[in-house]
Amino acid sequence: MSVLKTSLRNFLAHKGRMALSAVAVLLSVAFVSGTLVFTDTMNTTFDKLFAVTASDVTVSPKNGSVSDETPQTGRPEAFPASLVEQVRKAEGVQAADGDVTSLSVTVVDAENKNVGPTGGAPTIAGNWSPEDLRSVDLVSGHEPRGPTDVVVDGATADKHGLKLGDELRTISVAGDFTAKISGIVDFKVTNPGATVVYFDTATAQRELLGKEGLFTQVLAEAKPGVSHDALKKNIAASIGGDYKLQTAAEAADAGREDVAGFLDVMKYAMLGFAGLAFLVGIFLIVNTFSMLVAQRTREIGLMRAIGSSRKQVNRSVLVEAVLLGVVGSIAGVAAGVGLAVGLMELMSSMGMELSTRDLTVKWTTPVVGLALGVVVTVLAAYIPARRAGKVSPMAALRDAGTPADGKAGRVRGAIGLALTAAGAAALVTAARAAEASPGSLWLGVGVVLTLLGFVVIGPLLAGGIVRALGAVVLRVFGPVGRMAERNALRNPRRTGATGAALMIGLALVASLSVVGSSMVASATDELDKSVGADFIVQSGTGQPIVPQAQAALEKAPGLDHVTEYKWVDATVTDPRGKTTTADLAATEPTYVKDLRREVTAGTLTEAYGPGAMSVGSDYASEHGVKVGDVLTLAFKGGEKAKLKVAAITADTGNVDNGAMYINITTLAEHLPADRVPQSLLLLASAKDGQETQAYQALKDALAPYPQYKVSNQADYKEELKNQVGQLLNIVYGLLALAIVVAILGVVNTLALSVVERTREIGLMRAIGLSRRQLRRMIRLESVVIALFGALLGLGLGMGWGTAAQKLLALEGLGVLEIPWPTILTVFVGSAFVGLFAALVPAFRAGRMNVLNAIASE
């Protein structure tokens with residue numbers, strides 16, 4: 001009990017010194033708790049949606065449901081309306097309705113603006129049926145009663161200012177058609193962001209599927225007392241085994257699987273960044289307790305002199321850590337709920353609607369947050385606690401502070417050098433790897449070992465690097481600069497730990513910057529070398545090019561040629577009988593001009609001849625295929641074809657790597673007309689000297705179709721740069737949490753250092769050091785510590801990034817580019833971070849009473 005009282009008294013006595021460490025725990029726990037609450041809320045949102053939209057039994061084509069509709073044809077799989085009657089006649093069926101649903105549509109308003117979501121959510125068009133009233137309420141107007149009526153969801157209407165009577169144009173593979181808003185519906189549960197429009201059944205069939213009398217699904221309801229599983233068996237017995245049948249539970253599970261990948265990526269990525277924040281927080285907590293133990297050496301010595309055992313002293317410090325962990329974790333869990341709400345608002349601004357009505361805080365979230373916070377804090381405090389237990393009773397007779405252990409420093413240095421050397425060897429091995437898989441393993445090992453090595457060896461590096469930085473940065477400030485340098489060198493272990501906290505975040509920033517810049521440079525280089533087309537036309541959401549848009553584009557003046565590019569699924573059987581599934585690129589012969597592919601055997605133009613094709617070098621090597629061999633292709637929904645290999649392309653770049661090419665006419669010979677895919681993109685080249693006119697003509701031709709974008713090569717390069725930049729900005733935003741915790745570490749180190757040097761500061765003030773000079777000294781000390789951490793982090797990160805790029809070169813990213821402007825900006829920014837971190841400690845030091853400071857112990 002006395003240990004607890006002592007710990008509590010010390011904790012409260014040093015509550016100001018503990019505050020920043022508690023904030024570090026709070027931020028780290030908040031990120032973990034917020035991530036768990038956010039992903040649990042998203043799961044709840046989708047679970048509720050699937051629960052109200054799934055019928056007792058859903059019948060869909062065996063080849064695929066609406067949710068996995070292939071983009072090639074732009075139309076979902078469908079079956080005759082007669083199947084609905086068959087389902088109705090099955091035993092146990094209360095009601096059955098035919099459903100038409102398509103995801104390959106674009107809806108635009110009277111101003112030709114796309115009213116669909118710009119994020120990952122789809123635009124869903126379908127027919128209105130009684131089943132829809134299970135999931136929506138008609139809050140305004142009436143249901144669609146003819147070809148000129150359309151019903152739209154309320155969230156889309158609010159977002160785009162739509163009202164009853166407004167005209168919407170729907171663009172599908174079957175053609176364009178217009179209708180006026182006759183009704184607005186609200187979902188009974190949260191709609192995660194999809195735009196939903198409803199038409200009458202005949203219009204939906206005709207305009208979305210190409211003709212009337214077809215449905216994409218049958219939605220069946222069970223009679224009272226009939227289980228869903230029994231109903232499924234009865235319907236299967238009635239209609240045969242040529243269809244996919246799912247109960248409500250199975251449909252909900254399938255829906256969850258569709259979004260599970262996205263949710264898991266978000267969850268584990270955010271937890272990864274939370275882990276980084278915890279790692280950085282460990283340095284802050286270790287530093288805090290190390291300094292507190294050092295400052296209380298005399299106090300601990302007195303405790304030992306009056307009978308406290310080593311275990312009791314050790315336990316006392318660990319109890320303080322538990323108190324710190326509990327306080328920080330409880331606040332962190334509460335802050336995590338607020339963070340989750342903030343993330344929901346952010347996602348809503350990006351197009352994914354989430355409601356606080358679905359906010360889900362499971363009992364496991366606070367338990368995980370509290371456990372993590374306490375365990376990490378106690379582990380971080382263990383070494384300082386162990387050091388406190390070693391304080392002897394004689395320490396009460398000495399000045400506060402424990403002398404450094406020279407032997408321990410040498411052992412630490414040897415371990416650090418060994419870890420760094422092993423990590424560097426692993427990075428070199430990764431950079432020289434011949435295959436990506438083992439190379440990735442070596443890269444991971446190298447990153448971990450070099451990080452640990454730099455953390456361990458940091459105190460040894462602090463002496464040399466701080467002196468070098470001091471010579472460049474601090475000496476210009478005269479005696480004040482020299483004192484700041486000596487203060488930073490006074491305790492290399494503390495300086496090393498403080499710099500290491502900042503080092504981790506900046507190392508990741510630097511490595512990702514190198515990889516991102518190299519990706520852009522490699523892609524740009526690849527485009528310059530291989531792409532011959534002047535223009536690229538495609539949809540940002542992966543939708544196929546509808547025929548009417550393609551026809552308008554082909555009529556644009558100033559074009560030399562337009563090349564269609566289609567993807568088609570096929571099963572390929574090699575001469576030895578080995579079968580694989582592959583995506584074939586069906587293009588026109590002009591594609592040879594639009595994309596310059598290196599050929600290792602044969603001639604690519606001959607691959608576009610009758611009964612011919614090409615394969616990639618990896619496939620040829622793996623299957624022993626050479627020019628002249630015949631492959632058997634089985635097209636989904638079509639006939640088998642025997643095609644001769646006329647060319648083998650080199651799988652060295654990152655454009656169309658591994659592609660098999662066939663002529664579009666060859667594809668059309670083996671597939672029914674309604675199964676031939678639509679173009680995923682179009683490539684176009686202008687006539688000589690007419691590039692500018694053709695570019696504008698293409699934009700004008702596609703103006704009625706806002707879902708497509710025309711890009712010349714400069715545009716395409718800029719888009720690649722922006723996409724990589726946006727991704728990096730998101731990552732940098734998440735890394736900012738770790739950097740904020742590192743800044744708190746600098747603040748805490750300086751604050752405790754000021755307390756530790758109270759008497760020294762009083763004496764310096766007494767002999768003439770002004771308040772202004774004192775504040776400058778502390779600020780300069782902070783700057784040099786921040787620059788020390790930045791130098792280590794940026795150097796380490798560039799090493800990681802270079803090794804990663806050499807590994808990615810195996811996948812075609814062969815250009816290494818160091819983003820020196822970014823690196824220099826981060827380095828200079830670190831100096832400002834140091835200045836900011838020193839504001840409060842410098843202010844407090846300047847306010848000290850000189851006589852009180854001199855009289856302090």
Side-chain angles (χ1 to χ4, degrees), residues 20-21 23-24 27-28 273 275-288 290-291 380 416 447 450-463 465-466 468-470 473 484 487-489 491-513 731-753 778-801 822-841:
L20 292 177
S21 294
V23 171
L27 289 174
S28 303
F273 287 104
L276 286 173
F278 265 120
L279 182 61
V280 174
I282 286 173
F283 290 99
L284 195 162
I285 296 164
V286 169
N287 251 7
T288 299
S290 294
M291 295 177 74
V447 167
T450 50
L451 177 61
L452 291 175
F454 267 53
V455 168
V456 174
I457 207 175
L460 293 181
L461 297 175
I465 294 177
V466 168
L469 288 171
V473 178
N487 286 336
L489 292 170
N491 192 330
R493 181 178 294 177
R494 182 193 306 162
T495 299
T498 306
L502 193 59
M503 174 190 76
I504 295 171
L506 295 185
L508 290 169
V509 168
S511 63
L512 290 171
S513 296
V731 175
Y732 293 158
L734 294 170
L735 282 173
L737 175 66
I739 294 173
V740 166
V741 175
I743 293 171
L744 292 176
V746 178
V747 175
N748 213 21
T749 297
L750 291 173
L752 290 171
S753 179
I778 293 172
R779 287 196 297 266
L780 290 175
E781 180 184 351
S782 178
V783 167
V784 79
I785 291 174
L787 289 178
F788 165 68
L791 203 59
L792 291 185
L794 294 175
L796 191 59
M798 285 191 287
W800 294 349
T822 301
I823 299 297
L824 292 174
T825 300
V826 171
F827 184 71
V828 173
S830 299
F832 288 98
V833 165
L835 282 174
F836 174 77
L839 289 179
V840 175

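Every heavy atom of this structure was used, including side-chain atoms; hydrogens, water molecules and symmetry mates were not.
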Between side-chain atoms of residues 825-841 and protein atoms elsewhere (two or more places apart, or another chain), which donor-acceptor pairs fall under 3.5 Å?
| from | atom 1 | to | atom 2 | distance (Å) |
| --- | --- | --- | --- | --- |
| Thr825 | OG1 | Pro821 | O | 2.6 |
| Ser830 | OG | Val826 | O | 2.8 |

Could you list the donor-acceptor pairs under 3.5 angstrom formed between side-chain atoms of residues 275-284 and any protein atom two or more places apart in sequence or on another chain?
none

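Val466 and Ala488 get closest at one heavy-atom pair: CG1-CB, 4.0 Å.
Here Leu502 contributes atom CG and Leu794 contributes atom CG; the two are 9.0 Å apart, rounded to the nearest 0.5 Å. Between the OG1 atom in Thr495 and the CD1 atom in Ile785 there is a gap of 4.5 Å [rounded to 0.5 Å]. To the nearest 0.5 Å, atoms CD1 (Ile457) and CG (Leu792) are separated by 10.0 Å.
Evaluation of the side-chain contact (heavy atoms from CB on, under 4.5 Å) rule for Thr450 yields Leu427, Leu796, Trp800 as partners, not counting sequence neighbours. Residues meeting the side chain to side chain donor-acceptor pair (under 3.5 Å) test with Thr498, sequence neighbours left out: Asn287, Thr749. For the side chain to side chain donor-acceptor pair (under 3.5 Å) test, residues two or more places apart in sequence or in another chain that qualify with Asn487 are Arg490. Residues satisfying the side chain to side chain donor-acceptor pair (under 3.5 Å) test with Ser513, not counting sequence neighbours, are Tyr732. Taking the side-chain contact (heavy atoms from CB on, under 4.5 Å) definition, one finds that Val456 meets it with Arg412, Ile415, Leu419, sequence neighbours left out. With sequence neighbours excluded, no residue forms a side-chain contact (heavy atoms from CB on, under 4.5 Å) with Leu824.
The salt bridge (charged side-chain N to carboxylate O under 4.0 Å, His left out) contacts involving residues 778-792 comprise Arg757-Glu781, where partners must be two or more places apart or lie in separate chains. Evaluation of the side-chain hydrogen bond (donor to acceptor under 3.5 Å, both in side chains) test over residues 451-462, restricted to residues two or more places apart or in two chains, returns none.
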